[in-house]
Amino acid sequence: MAYDNSNIFAKILRGEIPCVKIYEDAQTLAFMDVMPEADGHVLVVPKEAAEDILSLSPEGLTAMMATVQKVAKAVDKALMPGGILIKQYNRPAAGQSVPHIHFHIVPRWEGIPLAPHGKVMVEAARLEPVAAKIRSAL
Ligand code: DGP
């Protein structure tokens, strides 16, 4: 399927809509998920226009995974979760809702269940304090 330039992450990458940014380099961007499954839920996207892991270049994937690890380490240091869930969906049948490849970094704590995937939107102002902690741990 052709890449859809009007998807919400393409708009974030072009600066057309805001995000609570965690990290950016030449090839990747990491920002807070506005429908977090847990406190500190971060998304990592490549700047390359690719819908899913099947269409992303090997170079784009390598860059994205390096950022996933970098941000996961910062989440671990900043929030000290019991564990960190890292996941990625490909195509709607697998649960993907935004057609620009992204990894989810979701800190987990024993006994605290996840909020549902992509359901409840929170204010950017609520995400900012935890984002600041993660940024300062990069
Ligand atoms: P997926 O099902 O893997 O495609 O999940 C997309 C995620 O993106 C979901 O957890 C909710 C989040 N999301 C959707 N729209 C926006 C948005 O406009 N900004 C941010 N920061 N996250 C979004």
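Atoms within a ligand are numbered from 1 in the order they appear, just like the ligands themselves.
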Under the side chain to side chain contact (heavy atoms under 4.5 Å, CB included) criterion, do Phe9 and Ile101 qualify, and how do the steps go? CA-CA 9 Å; Phe9 294 169; Ile101 182 170; over 6 Å; no
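Each salt bridge (charged side-chain N to carboxylate O under 4.0 Å, His left out) pair with one or both residues in residues 55-68, not counting sequence neighbours, would appear here, but there are none.
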Contact table ligand 1 N or O to protein N or O, d under 3.5 Å:
{"unit_1": "ligand 1", "atom_1": "2 (O)", "unit_2": "Gly95", "atom_2": "O", "d": "2.8"}
{"unit_1": "ligand 1", "atom_1": "2 (O)", "unit_2": "Ser97", "atom_2": "N", "d": "3.1"}
{"unit_1": "ligand 1", "atom_1": "2 (O)", "unit_2": "Ser97", "atom_2": "OG", "d": "3.1"}
{"unit_1": "ligand 1", "atom_1": "2 (O)", "unit_2": "His117", "atom_2": "NE2", "d": "2.5"}
{"unit_1": "ligand 1", "atom_1": "3 (O)", "unit_2": "His102", "atom_2": "NE2", "d": "2.6"}
{"unit_1": "ligand 1", "atom_1": "3 (O)", "unit_2": "His104", "atom_2": "NE2", "d": "2.7"}
{"unit_1": "ligand 1", "atom_1": "4 (O)", "unit_2": "Ser97", "atom_2": "N", "d": "2.7"}
{"unit_1": "ligand 1", "atom_1": "4 (O)", "unit_2": "Ser97", "atom_2": "OG", "d": "3.2"}
{"unit_1": "ligand 1", "atom_1": "4 (O)", "unit_2": "Val98", "atom_2": "N", "d": "2.9"}
{"unit_1": "ligand 1", "atom_1": "4 (O)", "unit_2": "His102", "atom_2": "NE2", "d": "3.0"}
{"unit_1": "ligand 1", "atom_1": "5 (O)", "unit_2": "His102", "atom_2": "NE2", "d": "3.3"}
{"unit_1": "ligand 1", "atom_1": "10 (O)", "unit_2": "Asp33", "atom_2": "OD1", "d": "3.2"}
{"unit_1": "ligand 1", "atom_1": "10 (O)", "unit_2": "Asp33", "atom_2": "OD2", "d": "2.5"}
{"unit_1": "ligand 1", "atom_1": "21 (N)", "unit_2": "Met32", "atom_2": "O", "d": "2.8"}
{"unit_1": "ligand 1", "atom_1": "22 (N)", "unit_2": "Val34", "atom_2": "N", "d": "3.4"}

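Other residues, nucleotides and ligands contribute at most 12 non-hydrogen atoms within 6.0 Å of the CD atom of Gln69.
Not counting sequence neighbours, Lys70 has no partner by the salt bridge (charged side-chain N to carboxylate O under 4.0 Å, His left out) test.
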Enumerate, atom names and distances included, each donor-acceptor pair closer than 3.5 Å involving a side-chain atom of residues 124-134, sequence neighbours excluded.
{"unit_1": "Glu128", "atom_1": "OE1", "unit_2": "Arg135", "atom_2": "NH2", "d": "3.2"}
{"unit_1": "Glu128", "atom_1": "OE2", "unit_2": "Arg135", "atom_2": "NH1", "d": "2.9"}
{"unit_1": "Glu128", "atom_1": "OE2", "unit_2": "Arg135", "atom_2": "NH2", "d": "3.3"}

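For Glu24 and Lys47, the salt-bridge test passes: some basic side-chain N is under 4.0 Å from an acidic carboxylate O.
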